[in-house]
Amino acid sequence: MEIKEKLGAVEAVLFASGEPIELYRISEACGVEVGSVPSLIKLLNERYDDCGSGICIKKLDSSYQMCTREEFAPQIKTALETKKSTPLSNAAMETLTIIAYNQPVSKGFVENVRGVDSSSVVNNLVEKGLVEEAGRLDVPGKPIIYKTTPVFLRSFGLSSIADLPPLPGHENVTTDDEGEQISFDTVTDEESDNAETITTNTEAAEDAAEHDISD
Amino acid sequence: MEIKEKLGAVEAVLFASGEPIELYRISEACGVEVGSVPSLIKLLNERYDDCGSGICIKKLDSSYQMCTREEFAPQIKTALETKKSTPLSNAAMETLTIIAYNQPVSKGFVENVRGVDSSSVVNNLVEKGLVEEAGRLDVPGKPIIYKTTPVFLRSFGLSSIADLPPLPGHENVTTDDEGEQISFDTVTDEESDNAETITTNTEAAEDAAEHDISD
Amino acid sequence: MDTISFKLDVFEGPLDVLLNLITKHKLNIYDIEISKLLEQYLLFIEEAHKQDLELAGEFLEMAARLIYIKTAALLPRPEEAEQMKKELEGALIELSLCKAAARELAERNVGGDIFVRRPMKIKVDMTYSLVHEPERLVEAYAAVSNKKIVPENQKNRIEHKINSVVKRRIVPVLTKVVHILRELYATGEVYMDKLYEGVTDRSARVATFLAVLELTRFGRITISEDNTLVFFKGERGGRTKWKSKKSSEQ
């Protein structure tokens with residue numbers, strides 16, 4: 001194996017591993033002598049230096065890790081932060097609304113209303129600071145429940161949850177018989193998978209019932 | 001700012017972001033013109049090519065992502081002890097193909113083409129990150145529609161959906177009178193919920209027609 | 001027989017089976033010989049029964065659909081059959097294209113060989129910074145809750161669908177067997193059409209179809225050669241020249 005290829009392999013392994021990776025492991029995976037790993041990494045670092053690369057390889061005990069150069073920290077920070085001004089996706093907006101009007105609710109509740117798994121969407125909203133955990137529901141499984149945050153109020157120009165714009169026909173929604181409310185799930189996107197829907201729906205109804213009790 | 005420094009910054013941002021990052025975000029973070037980002041990335045890729053680097057930058061729609069080169073997959077797999085990745089099942093491939101070529105589409109659309117319930121296959125593709133929600137269709141029942149993701153593009157070596165290989169022999173099928181033929185959906189018992197499918201289908205046919213012209 | 005070689009579990013639904021049969025028997029997908037396809041498809045279903053495999057309702061539905069097309073072609077107005085046949089062909093062509101495209105795409109799959117990194121864990125403020133009109137919330141809620149305000153006719157349809165799923169299990173083929181036998185005791189013969197008359201429920205249609213199939217299998221009844229008439233085996237008078245395929249095989 002040529003040295004160029006060895007360097008490529010070591011670089012790829014370091015990139016993919018993310019975390020610090022032990023010297024012997026690099027040696028094993030890339031099929032190079034343990035003794036030659038440090039010199040290969042030295043070559044890579046020299047190359048990075050020469051071209052003013054944004055990345056470098058750091059040694060930590062007997063491990064190595066690929067990371068960015070400190071001097072680029074401001075750019076990286078800006079790049080990662082620009083994400084916060086990315087508009088909410090449809091899915092996120094729907095999920096946020098469901099939480100806002102029914103809070104506090106579990107992921108299961110959101111999923112039942114939306115008809116699809118919404119776990120990652122909820123996590124995303126938590127990351128953005130729009131919703132937060134509000135304890136656990138006292139039912140088997142103890143699901144975490146979520147509520148909206150002050151950031152949410154600010155983002156939508158509201159001074160409190162009571163200011164939420166009324167929903168058309170919302171008398172059905174905010175009244176206590178939420179069991180009713182959820183029953184619209186029977187009409188999930190594709191009626192064709194109704195066998196499944198029936199089950200989920202029953203669960204939803206139960207959820208809601210329990211929800212009511214705990215309220 | 002020197003070009004060398006710009007290159008370093010772009011490289012660091014791509015490395016740090018991990019996920020595909022939009023062109024405009026790179027431009028914003030690194031303080032470079034939007035228009036110059038592609039050429040900077042081209043320079044980086046050329047540098048990687050020249051030295052047989054283990055990494056490269058892929059264009060995915062209007063985003064870029066840094067990833068490892070395929071040829072180093074064996075070494076990386078050994079290093080990370082990843083189990084052999086199970087290839088997508090035929091059902092998953094079929095479903096993915098239907099979504100890719102007709103996106104955005106509902107589960108019902110997929111089901112109509114395949115002739116079997118495809119809900120769990122679609123959910124599975126969502127879990128794998130190959131497809132994602134893309135809003136809802138404005139028909140009764142408001143079914144969620146799905147589109148492919150950057151992960152899909154990366155996994156199939158495409159930089160955009162326009163790069164999808166032309167459908168095999170599709171000139172036979174998308175001619176005008178056969179467009180008629182595809183409206184087979186009318187037969188199923190679910191006539192009623194096919195309004196949706198037919199619309200999407202027509203759109204798909206039109207898309208295909210446009211595609212023909214642009215080819 | 002060819003059918004024996006079927007590995008039933010590899011099929012993804014009835015359309016998949018049909019495509020397989022079309023390829024295997026070199027049928028023209030642009031102008032399918034329905035009777036031949038039906039014959040092969042029924043052999044497939046029979047094989048499934050032999051292997052004690054429970055086929056999903058959609059497989060039987062497809063059998064009913066094929067029989068319907070075949071039967072309708074013999075009616076005074078064959079246009080409907082022609083239309084249905086075209087539609088079926090369209091579906092099959094589309095699926096076969098899709099399969100070809102899927103194969104092509106699968107060859108390009110390098111997903112397992114390209115590795116990416118997780119985003120670097122840097123403490124950054126991810127707090128959402130955009131501002132929206134509160135009405136955006138109502139809009140978003142409407143997208144989901146439109147499902148709530150279900151028009152009456154849609155409600156019925158949904159109920160009907162749910163019922164049909166439930167009924168599929170509750171209404172056994174046996175009731176249809178009884179129904180058919182009763183008809184036959186009364187009249188001696190009955191047109192296939194009449195058995196399906198007014199039966200709009202999907203599961204009931206499937207049950208009827210299965211009932212005819214079962215009764216034929218056990219040699220209780222015979223179906224005329226053109227598949228339009230059902231009568232007690234051997235009890236048919238006058239027109240004995242109508243011999244069913246089944247009985248001539250036996």
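Numbers restart at 1 for each chain; the letters A, B, ... are given by sequence-line order, proteins then strands. Note that these values count all heavy atoms, side chains included, but never hydrogens, waters or copies made by symmetry. Please read these numbers as outputs of a predicted model, since none were measured by experiment.
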Exercise. Can you find a heavy atom in the side chain of A/Val10 that is under 4.5 Å from one in the side chain of B/Gln75?
Worked result: no

Exercise. Taking C-beta and beyond as the side chain, do B/Tyr146 and A/Val116 meet within less than 4.5 Å on heavy atoms?
Worked result: yes

Return the option, out of [options], with the maximum number of heavy-atom pairs under 4.5 Å with chain B.
options: A/Lys77, A/Glu28, A/Glu94; value: A/Glu94
options: A/Ile55, A/Asn90, A/Thr78; value: A/Ile55
options: A/Gly18, A/Cys51, A/Ser89; value: A/Cys51

Exercise. Which residues from residues 61-72 of chain B are near chain A, with near meaning under 4.5 Å between non-hydrogen atoms?
Worked result: B/Met66, B/Cys67, B/Thr68, B/Phe72

Exercise. CE of A/Met93 to CG of A/Leu130: how many Å apart, nearest 0.5 Å?
Worked result: 9.0 Å

For this session: Evaluate the criterion salt bridge (Lys or Arg N to Asp or Glu O under 4.0 Å) for residue pair B/Glu19 and A/Lys83; output intermediate values, then yes/no.
Result: CA-CA 11 Å; B/Glu19 294 164 358; A/Lys83 229 183 161 183; 3.1 Å; yes

Problem set entry | A/Thr148 and A/Gln103 side chains, donor-acceptor separation under 3.5 Å | yes

Looking at [Y] and [X], is there a salt bridge between them, counting it only when a charged N and a carboxylate O are closer than 4.0 Å?
X: A/Arg25; Y: B/Glu81; result: yes
X: B/Glu46; Y: B/Lys42; result: yes
X: B/Glu11; Y: B/Arg47; result: yes

Problem set entry | A/Ile21, part contacting chain B, at a heavy-atom distance under 4.5 Å | side chain

For this session: Side chain from CB out, backbone as N, CA, C, O: work out which of these in B/Tyr48 comes under 4.5 Å of a heavy atom of chain A, or both, or neither.
Result: neither

